[in-house]
Structures are given as C-alpha cells and as structure tokens.
Amino acid sequence: MILQVKDLITRFYSVDGVVYALNGVNFALNAGETLAVVGESGSGKSVTMMSLLGLIPQPPGKIEGGQAFLFENDKPQDLLKLSERQVRRVRGGQIGFIFQDPISSLNPTMTIGKQIAESMIEHLSLSQSDARKRTVDLLKEVGIADADRRFDSYPHEFSGGMRQRVMIAIAVACQPRIVIADEPTTALDVTVQAQIIELIQRLQKQLGIAVIWITHDLAVVASMADRVLVMYGGTVVEDALVEDLFDNPQHPYTIGLLKAIPGATGLGEERLESIEGSPPDLLRELTSCPFAPRCQFVFDQCWAKLPPLISVTKHHRAACFYDVENEIPRKEVEHG
Ligand SMILES: Nc1ncnc2c1ncn2[C@@H]1O[C@H](COP(=O)(O)OP(=O)(O)O)[C@@H](O)[C@H]1O
Ligand code: SF4
Ligand SMILES: [Mg+2]
C-alpha cells in the first residue's frame with residue numbers, strides 16, 4: 001500500500017451555506033495499480049484528490065477531518081498535516097497530476113520546455129543543461145515531434161491533445177510514485193482520447209507508477225483499471241476489483257450505473273436505464289444513507305445512519321446495509 005485515505009471530510013463555507021462535499025472518504029492505493037474513480041458529477045471525486053494535493057482553496061474550503069497517509073519505506077506521512085512547503089514538494093515530486101483542462105494548469109507566459117525543466121530542477125536538483133536534455137527526451141517520449149525545437153514553444157502554440165501530452169510529461173517528469181488523472185481526456189476528441197489513454201498506460205508500465213484515474217467512462221474503466229471506487233454524495237459507496245464490480249456489483253447505486261450502459265451487466269440489458277431521482281443535497285449534513293431517497297431496497301436502518309463500507313469479500317466492500325443478492329440485511333463487519 002502506498003496511500004491510505006481515512007475518513008476524509010472536506011466542506012465549503014459558501015454564501016449559500018455549508019457544502020458538505022466529502023463526508024468520510026475511505027480508500028487505499030497499492031503500488032503500481034490503476035484505481036479508477038467513478039460517480040456522477042458532484043460526487044466529490046475532484047475534491048478528494050484536491051484535498052490530498054493541498055489544492056483546496058481555504059477559504060471557502062476546509063478539510064475538517066481525516067488522514068491521508070503516503071507511505072515511503074513503510075514510514076507513513078499524513079499529507080493533511082504537511083506545511084505548504086512540504087506539500088509542494090510532494091505535489092509534482094512524489095505525486096504527479098493531470099487535470100481535465102491543461103490550459104488552466106499550464107503557465108501561458110512560460111515556454112513548454114521551461115515548465116517541464118523547472119519542476120525537474122526543483123524536485124530532482126538537476127542542472128539547467130541536464131534538465132533541458134531530459135525534457136527533450138521526455139517530450140519525445142510523450143509523442144511530441146521535433147522536440148528540440150518545441151522546447152521553446154508556448155502553450156497557445158499547441159493543440160488541446162498536445163497540451164495534454166505536455167501535462168503528462170510534467171506529471172511524470174520527477175518520477176512520481178503516483179499520478180492522479182482527473183478526467184484527463186474529457187475535453188479531447190475520441191481519437192486523441194484513445195492516444196492519451198494509451199500513452200499514460202505505457203508510461204505507467206514503464207515507470208511502475210500507480211495511477212488514480214477519475215472518469216465518467218465505464219468503458220475506459222473496464223479496459224484499463226485494476227480496481228474501482230464508486231463515489232456518491234461525497235462518500236465511497238463501493239470498492240472492488242474491476243471484474244468483481246462488473247460481474248457482481250453490490251451497491252444499489254453501482255447496479256443502477258451499470259444498468260445505464262448497454263450490455264455491461266451481461267444480462268442482455270440493451271436498454272439505457274438512468275437512475276431515477278436527483279443526487280443528494282450537499283447543503284445538508286449526511287445523517288443517513290445518501291442513496292436512500294433513490295433506492296428501491298431502502299429499509300429502516302438506511303435512514304438511521306450513514307452506512308460504513310462493509311466487507312463483502314476480501315477485496316470487495318460496499319457501503320450498504322442490504323445484501324441485494326441474497327435479499328437480506330448485510331452483517332456489518334467494518335474493515336479499515
Ligand atoms: N470552491 C468550491 N466552493 C463551493 N463548493 C465547491 C467548491 N468546489 C467544489 N464544491 C462542491 O463540492 C462538491 C463535490 O465537487 P467535485 O469534487 O468537484 O465533484 P466531481 O465528483 O464532479 O469531481 C460539489 O457539490 C461542488 O459543488
Ligand atoms: S443502505 Fe439502504 S438505502 Fe442505502 S443503498 Fe443500501 S439499501 Fe439502499
Ligand atoms: Mg470533477
């Protein structure tokens with residue numbers, strides 16, 4: 001295990017009131033694996049990752065609870081307790097990140113090459129000339145033709161796909177152990193999307209990086225993830241190996257999600273079914289199962305408290321009091 005997030009709670013004190021964005025997020029990441037994170041818009045995927053990277057604007061945001069241990073030589077350091085300077089060293093050093101929109105992540109006034117080289121000078125203490133050489137190699141590696149000349153280009157001279165390649169180069173430049181990719185291909189057209197996915201997968205294998213991949217696209221999940229987290233209402237509602245998630249989903253929300261893609265359940269389900277009802281109101285504190293108002297299996301216990309992640313098998317957990325398969329309440333054995 002290289003990262004363990006426990007009971008992460010993040011809120012925003014907005015003019016409309018308190019936004020209960022994260023309500024106790026729990027997950028772990030193993031070395032070298034690809035962990036996909038899925039869930040509808042507003043479920044807390046980005047806020048989770050930004051909390052870990054020290055990127056929550058405070059105020060209005062506030063991390064109000066939890067721990068996020070990054071393990072190095074089995075020695076854990078809690079990312080939530082680091083100073084601004086320490087967290088900057090982790091960000092881009094041990095943890096690289098790629099966001100949906102490369103334009104807002106790149107500095108428009110600095111050349112592409114300089115932006116990559118700078119992080120290597122900062123994190124790896126390379127000399128100017130070594131950093132330039134490695135940057136050119138890296139630009140070639142991520143598929144930028146004529147890399148030597150392109151070193152001196154500015155972000156606006158690049159297409160969206162090329163800019164995302166540059167972001168990937170920055171993310172892996174300092175040999176991180178983890179790369180967090182937050183919907184990295186959403187803004188790109190389908191062909192470029194496929195190329196970017198391929199590129200990240202190749203670099204991941206080559207460099208032995210663990211990747212957290214946030215996506216809307218369950219087809220991408222099926223083709224590349226080892227394990228999947230399903231988020232709902234600022235909580236993790238299911239955590240499973242990818243094959244278990246698709247073959248044997250345990251949480252009613254996951255079951256609903258999978259029914260929404262044709263053929264995904266293997267039940268000959270060809271009809272597109274979307275889940276009825278609306279997502280939870282995050283302006284209220286969660287005191288019951290966030291899915292209860294939309295759940296066909298809801299019973300008394302669901303209204304009484306927030307369900308914890310309950311083990312189904314060794315590598316499969318669901319935050320649900322009901323065992324849909326056997327049509328009985330689930331025995332509540334929590335595992336950390
Ligand atoms: N700066 C902010 N101020 C107020 N609310 C925010 C802010 N950033 C995120 N949120 C809220 O936090 C919740 C989770 O958002 P987010 O993590 O971005 O969802 P997603 O799963 O789509 O990535 C949403 O309700 C969102 O409106
Ligand atoms: S805990 Fe209850 S309401 Fe929530 S998903 Fe499970 S059965 Fe449905
Ligand atoms: Mg998001």
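All ligand and atom numbering here is 1-based and tracks the order in the structure. Keep in mind the model is a prediction, meaning the values are calculated, not measured.
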Using a plain distance cutoff, I'd like to know if [X] has any nitrogen or oxygen under 3.5 Å from a nitrogen or oxygen of ligand 1.
X	value
Gly44	yes
Ser43	yes
Thr48	no
Gly42	yes

_Less than 6.0 angstrom from the centroid, inside 45 degrees of the normal: does Arg284 satisfy that with respect to the ring of Tyr20?_
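Negative - Arg284 is either too far from the ring of Tyr20 or too far off its axis.
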*Compute both the distance and the angle, then confirm whether Arg227 meets the cation-pi test with Phe27: under 6.0 Å from the six-membered ring centre, within 45 degrees of the axis.*
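No - Arg227 does not lie over the ring of Phe27 by the 6.0 Å and 45° rule.
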*Within 4.0 Å of atom 7 (C) of ligand 1 (strictly less), any protein heavy atom?*
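Given the 4.0 Å limit, the answer for atom 7 (C) of ligand 1 is yes, a protein heavy atom qualifies.
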*For atom 2 (Fe) of ligand 2, report each protein N, O or S atom nearer than 2.8 Å, sorted by chain and then by residue number.*
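Listed by chain and number: Cys302 SG.
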*Any atoms of ligand 1 less than 4.0 Å from a non-hydrogen atom of Ala21? List them with their elements.*
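Atoms satisfying the 4.0 Å criterion: 12 (O), 13 (C).
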*What atoms of ligand 1 come within less than 4.0 Å of a heavy atom belonging to Ser41?*
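Listed by number with element: 22 (O).
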*Can you list the atoms of ligand 2 that are under 4.0 Å from a heavy atom of His251?*
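Under 4.0 Å from His251, ligand 2 has these atoms: 5 (S).
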*Determine the interplanar angle of the Tyr322 and Phe297 rings, folded into 0 to 90°, and report it as parallel if under 30°, tilted if 30 to 60°, perpendicular if over 60°.*
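Rings of Tyr322 and Phe297: parallel, as their planes differ by under 30°.
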*Would you call Ile112 and Pro155 a side-chain contact if the rule is heavy atoms closer than 4.5 Å?*
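They are in side-chain contact.
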*Quick one: does ligand 1 sit under 4.0 Å from the side chain of Val47, the backbone, both or neither, non-hydrogen atoms only?*
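Both of them.
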_Audit row: Glu141, Arg202, salt bridge (charged side-chain N to carboxylate O under 4.0 Å, His left out) steps and yes/no_ = CA-CA 10 Å; Glu141 189 67 40; Arg202 179 165 57 78; 2.9 Å; yes
